[in-house]
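Chain naming here is simple, since letters A, B, ... match the order of the sequence lines and numbering starts at 1 in each. Basis for what follows: all heavy atoms, side chains included, without hydrogens, waters or symmetry-related copies.
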2 protein chains.
Amino acid sequence: MTSGLTRRDFVATTVGTTVALGAATQAPPPLAASRELAPIYDEIERRHDETVARLQEWIRQPSIAAEDLGMREGAELTKKLALDAGFQHAEIIPTKGAPGVFATLDAGARQTLGLYFMYDVKQVDAAEWSSPPWEGRLVEKEGLGTILVGRAATNQKGPQAALLAALHAIRAAGRKPPVNLVLVAEGEEEIGSPNFGQVVHDTPQVRRALERSIGIFMPSHSQDRDGTVTIRLGSKGDIECELVASGERWGRGPTRDVHSSLAARLDQPAWHLVQALDTLVTPAGEPAIDGFFEHVRPVTKEEHAMLDILARRTDEKSTLESVGAKVWARNASWRQALEDYVSRPTLTIEGLVGGYTGPGGKTVQPHRMTAKLDMRLVPDMTPEDIMAKLAAHLAKRGFGDIEIVKNGGFNYVSSTPATSKLVLAQRRVYQQFGIDAMLLPRSGGSWPGSLFTAAPLSLPAGHFGLGYGERAHAPDEFCLIDSRNKNLHGMNDMVRSCVDYLFALA
Amino acid sequence: MTSGLTRRDFVATTVGTTVALGAATQAPPPLAASRELAPIYDEIERRHDETVARLQEWIRQPSIAAEDLGMREGAELTKKLALDAGFQHAEIIPTKGAPGVFATLDAGARQTLGLYFMYDVKQVDAAEWSSPPWEGRLVEKEGLGTILVGRAATNQKGPQAALLAALHAIRAAGRKPPVNLVLVAEGEEEIGSPNFGQVVHDTPQVRRALERSIGIFMPSHSQDRDGTVTIRLGSKGDIECELVASGERWGRGPTRDVHSSLAARLDQPAWHLVQALDTLVTPAGEPAIDGFFEHVRPVTKEEHAMLDILARRTDEKSTLESVGAKVWARNASWRQALEDYVSRPTLTIEGLVGGYTGPGGKTVQPHRMTAKLDMRLVPDMTPEDIMAKLAAHLAKRGFGDIEIVKNGGFNYVSSTPATSKLVLAQRRVYQQFGIDAMLLPRSGGSWPGSLFTAAPLSLPAGHFGLGYGERAHAPDEFCLIDSRNKNLHGMNDMVRSCVDYLFALA
C-alpha cells in the first residue's frame with residue numbers, strides 16, 4: 001500500500017526565482033575560492049571507481065533491523081569502513097537491540113565535528129526490483145545519467161560512502177582532515193531508533209566525545225529533482241501508538257471472533273473503537289484530544305520569513321500533484337499549507353485493522369479492533385504530555401478500557417538554530433555550487449535528531465550533502481553517480497561537497 | 001482470526017427439562033411404529049461401510065468456489081451420485097458462475113419433495129489439519145466415538161451422503177421412495193449463492209419441478225452437543241457491503257498513500273470514514289441509519305411462545321461462555337437475548353482495513369479506508385430498502401462520496417410456518433428418537449432459503465437430519481460416524497432419520 005513513499009517527506013519544487021532573504025535567512029557571504037583544496041579534488045576524481053566499489057561493498061551487506069538480519073555483520077563492516085577511512089579508534093557499542101558503532105578521528109584540529117550514520121536498511125521484496133537489491137548495479141537512466149540501484153543507495157549508505165570517500169581523498173592528497181571527527185552509527189534507524197539513546201547518552205566515552213563537538217550531521221542527498229536544496233532546521237516530534245478495543249478489556253461483547261449473526265445480542269468492540277476515535281477529532285478532522293494544543297508555541301517571526309521565501313520559490317501545483325491532491329486541508333493557500341506543515345501538530349490514522357480484512361466479506365463479529373495512530377508534535381509539546389492527555393481524554397468519555405500501545409516512534413521535537421555554524425557553513429558550501437538553499441523551520445518527518453539537539457547534548461544537528469537519490473524504502477532505490485542533468489550533482493560532487501563542508505567548519 | 005467459527009450460529013444447550021408446548025408449538029402426535037421399514041433399516045446397517053466410502057469419495061473431490069477450484073468436477077460427481085442413488089434424470093445447469101445440478105426421481109408417488117444440496121466447500125489450510133482435509137480419515141474421539149475428519153464432513157457432504165444412503169437402502173430393500181424427489185444442488189453456497197437464482201428460478205424445467213413440490217429441505221446434522229435439536233423456521237435476511245472512503249471520491253486528501261507528516265496539510269479519508277461510521281450507530285451501538293427500523297414487524301404471539309420454551313430449556317451460562325462474553329447487549333436477560341437474536345436487525349462491522357495493517361507502526365497517511373459491514377434483516381425489511389436508506393443517510397450527512405460496495409450476502413428474510421407439513425413431519429421423526437425438538441422463529445445465519453420461501457416459489461424450506469458434526473469452516477471439520485455418546489446419533493441413525501422423514505412426508 002505504501003510503496004513509493006520516501007523519506008523525502010517535504011516535496012518542494014523551485015520556480016526558478018531568486019529572492020532576497022530577510023532576517024536570519026540572510027544569505028551568508030560565499031567562501032573564498034579554495035585553490036588549496038585542488039589536490040583533494042583531483043584525488044576525488046581519480047578515486048571515483050574505488051568510491052563506487054566501496055558503496056557496492058556496503059550495499060552487499062544487508063542489515064535489516066525489522067528482520068534482525070545481518071546486524072552484527074553490518075556493525076562490523078561499518079567499524080571496518082571507519083578504520084579504513086582513517087579513524088584511529090572504532091568500537092562496537094552493544095545495546096538492548098542492534099549494536100551501535102563509535103569511532104573517533106583525532107586530526108589534532110581545533111574543532112571536533114560529529115557524524116551520524118545508520119547502517120540498517122529497509123526491507124526488500126527482490127521480485128519488485130529491476131536489478132538485485134543487494135548488488136548496487138550501475139544503470140543508465142534517461143534524464144539523469146548513470147545511477148546505482150540498490151537498497152540504501154540513497155538511504156543512507158550512498159551519502160555516507162561519499163563522506164568516507166572525502167576522508168580517503170583528503171588523506172591521499174597528503175592532508176589531514178581540518179576537524180576532528182566523532183562518528184556514531186546505529187542499526188535501528190528504520191525501526192525508530194529505540195536503543196540509540198543507549199549509545200549516545202549512556203555510553204560515557206561516546207557522550208564525552210559528542211559533548212566536545214560543535215554539532216553533528218548525517219550525510220544526505222539533499223537535492224530535489226530540480227536541483228534545489230532545502231535545509232531543515234529540525235523536525236517535529238512524533239508518537240506512534242495503537243488504540244485497541246477488545247471484548248476482554250471492555251468487559252462487553254465477545255472475547256473471540258464469533259458469527260456476525262450474534263451481534264443481535266452481543267456488544268461490538270468495533271463500534272466502541274469507532275466511537276472512541278470519533279471523539280478524537282473535530283467535525284473538520286482536526287485533533288480534538290483535550291488540551292492537545294495547550295503547549296503549542298506560535299510561529300516565530302524568523303519562521304514566518306523562511307515560509308514567505310518557501311512560498312515564493314516553491315511550486316504549489318507540482319506539490320499537490322505529487323500526492324495526487326486537489327486542495328490543501330482547510331482549503332489553505334500554499335503559504336498557509338507550508339506553515340501548517342511546519343507548525344501544526346497532527347493526529348493521523350496510519351491504519352485500521354481488525355476482524356475480516358481479506359477480499360469480499362466474511363460473516364464475522366470481531367472481538368478486537370485496532371487503530372494505528374501517528375501524532376506529530378511541534379514546539380513545545382512533549383510525547384509524554386500528549387500520551388497522558390490521550391489517555392485522560394478517552395477515560396473521561398467512557399473509553400478508559402481502550403488500550404494504548406506504543407508501537408513505533410516516540411520522539412521529541414528537534415531544533416537547530418539557523419544561525420548555528422553548522423547551518424551557516426552548509427549554506428556557504430551550497431552557494432559555491434550555485435545553489436541558494438532555502439530554510440525549512442522543521443520537517444514533519446522524524447529522525448532521532450532530538451537525541452542530539454535536546455538535553456543532555458544540546459548540539460546543533462542536521463543533514464548535509466549535494467547529490468540526488470530516489471525511492472528510499474521502495475523498490476529500485478537509487479542514487480545518481482555520474483550526472484548528465486544540469487541541475488543535479490553526481491557522486492564526485494557529493495564527495496567534494498563533504499570536503500568543502502569540513503573545511504568550511506574548521 | 002475467525003477459525004473455529006461454524007455455521008452453527010445458534011448455540012443452545014438443553015437443561016434437560018421437558019416442557020409442554022403451547023399454541024403452534026404444540027408437540028404433534030408420534031408416528032405409528034413402522035415395522036414395515038425394518039428391512040430398510042437392515043439395509044442401512046449392512047451398507048454402513050459403503051455409505052462411509054461414498055462420503056469419502058465425495059470429500060476427495062475438492063470444489064472451492066472462492067478459488068474456482070474443481071467446480072466442474074464437483075458438479076459432475078454430484079450428478080453421478082444422484083444417478084447412482086436412483087434419480088432417473090440428472091443434468092448440469094450452467095450459470096454465470098459455478099454450475100448447478102438438477103435431478104429428478106419419479107417414484108410414481110402422490111407427493112413430490114425438494115432436496116437442496118451444495119457441492120462446494122470452504123477453503124482449507126492443510127497445515128492446520130491433524131489429518132489430510134481431502135481424505136476423510138476415520139479417527140477415534142474421546143467422548144464421541146468414531147468420527148470422520150475431512151472438509152465438508154458436516155458442511156454439507158456428510159448429511160447429504162446420508163440422504164443418498166437412505167435412497168440406496170430403500171432400493172436395496174426392494175422398495176420405492178415414498179415421495180418423488182427433485183434435487184437442486186449449487187456450487188456457490190460458500191460465497192453467498194450469487195447465481196443460484198438462475199438455477200431455481202430461471203431454468204424452466206427446474207422451476208416447474210420445484211413448483212410441484214410440497215417443500216424443500218437440506219440434509220443437516222441437527223443435533224447440538226447435548227443431543228438437543230432446534231428447528232429453525234427460517235432465517236434473517238442479510239446484506240454484506242463495504243463502505244470505502246477515498247481521496248479520489250472525496251475530492252479531498254491524497255489519492256495515494258503518502259508520508260504521515262503530510263497530514264498537517266492534507267485531509268484524511270480515514271477520519272472521514274470514522275466520522276461516517278459514527279453516524280450509523282447510537283451511543284449504545286444500536287443501528288441509527290435513518291428509517292432502519294421502519295418496517296420491522298413486531299414479534300408474534302407464536303414466536304413469543306417459542307422463545308419462552310427456548311429460554312426455559314436452554315442454558316444461558318454455557319451460551320455466554322461459548323462466545324467468551326460476560327453480558328448480553330443492553331444487559332438483556334436470557335429470554336430477551338433469545339428474542340433479540342431472532343427479532344433485532346443488526347449492523348455489524350465485520351472488519352476494518354486500510355493503510356498500514358502489519359505489526360507495529362508505519363508512518364503513512366492512507367488515501368483509502370474500508371469498513372466491511374454486515375446487516376441482518378427481520379420481517380418485513382428488504383435488502384433493497386435498507387441499501388437505499390444507508391445511501392440516503394450518508395448523503396444527508398455529507399458522506400455521499402463514500403462508496404457502498406456489495407461484497408457478499410444479499411438475501412431476503414426466509415420464513416416457513418411451524419404448521420407446515422415439512423416442520424410437523426420433522427418433529428414427529430425426532431420424537432421417535434426421543435428428541436423433543438425446539439422451534440426457533442428464525443436463525444440469524446444466512447442460507448439461500450428465501451430463494452425457495454419467497455415468491456415465485458413460496459415453498460416451505462428448512463434443514464433436517466439427526467447426527468452431529470463440528471468445525472464447519474475450520475480445520476479438522478468432522479462428523480460422527482459411530483456414536484458412543486448416549487445423546488448423539490451416528491451415521492446409521494442419520495440415514496434412518498432420512499428414511500423416516502421421507503415416509504412421514506408421504
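Proximity to chain B (any heavy atom under 4.5 Å) is restricted, for A:Asp374, to the side chain, taken from C-beta onward. In this structure, chain A has heavy atoms under 4.5 Å from both the backbone and the side chain of B:Glu350. Residue contact with chain B, scored on non-hydrogen atoms closer than 4.5 Å, is absent for A:Pro269. With a threshold of 4.5 angstrom between heavy atoms, A:Thr346 approaches chain B through side-chain atoms but not through N, CA, C or O. Both the backbone and the side chain of A:Arg256 have a heavy atom closer than 4.5 Å to some heavy atom of chain B. For A:Asp238, no part lies near chain B; criterion is any non-hydrogen pair under 4.5 Å. Looking at A:Gln275, the atoms closer than 4.5 Å to chain B (heavy atoms on both sides) sit in the backbone and in the side chain alike. With a threshold of 4.5 angstrom between heavy atoms, A:Ala332 does not approach chain B through any atom at all. For A:Thr282, the part sitting under 4.5 Å from any heavy atom of chain B is the backbone (N, CA, C, O) and nothing else. Heavy-atom distances place no part of A:Leu320 under 4.5 Å from chain B, backbone and side chain included. Only the side chain of A:Glu242 comes within contact range of chain B, judged by heavy atoms closer than 4.5 Å.
The most heavy-atom pairs under 4.5 Å with chain A, out of B:Ile349, B:Leu347, B:Asp340, B:Leu277, come from B:Ile349. Put simply, of B:Gln336, B:Arg330, B:Arg344, B:Glu286, the one with the most heavy-atom pairs under 4.5 Å next to chain A is B:Arg330. Most heavy-atom pairs under 4.5 Å with chain A, from the set B:Ala329, B:Cys241, B:Gly351: that is B:Ala329. By number of non-hydrogen pairs under 4.5 angstrom with chain A, the leading residue of B:Asn331, B:Leu373, B:Leu280 is B:Asn331. Per-residue heavy-atom pair counts under 4.5 Å with chain A were compared for B:Gly192, B:Gly360, B:Ala325, and the maximum is reached by B:Gly360. Highest contact tally toward chain B, considering only A:Leu266, A:Val342, A:Thr348, is held by A:Thr348 [criterion: heavy-atom pairs under 4.5 Å].
A:Glu316 and A:Trp328 are linked by a side-chain donor-acceptor pair at a separation below 3.5 angstrom, with hydrogens and angles left out of the test. A donor and an acceptor atom, one from each side chain of A:His473 and A:Glu190, are located under 3.5 Å apart. Side-chain N/O atoms of A:Trp334 and A:Thr319 include no donor and acceptor closer than 3.5 Å.
Rounded to the nearest 0.5 angstrom, B:Ser193 OG and B:Trp447 CH2 are separated by 10.0 Å. Rounded to the nearest 0.5 Å, atoms CH2 (B:Trp250) and CG (B:Asp267) are 4.5 Å apart.
Ion pairing of B:Arg442 with B:Glu303 is present here, as a side-chain N (NZ or NE/NH1/NH2) and a carboxylate O approach within less than 4.0 Å. Remark: B:Glu248 does not engage B:Arg368 in a salt bridge, criterion side-chain N to carboxylate O under 4.0 Å.
When every heavy atom of B:Lys236 is checked against every heavy atom of B:Gly444, the shortest pair comes out as CD-CA, 4.0 Å. Taking each heavy atom of A:Pro345 and A:Val378 in turn, the nearest pair found is N-CG1, 3.9 Å. Considering all non-hydrogen atoms of both residues, A:Gly251 and B:Lys326 come closest at O-CB, 4.1 Å. Of all non-hydrogen atoms in B:Thr255 and B:Gly247, the two that sit nearest each other are CG2-C, 3.9 Å.
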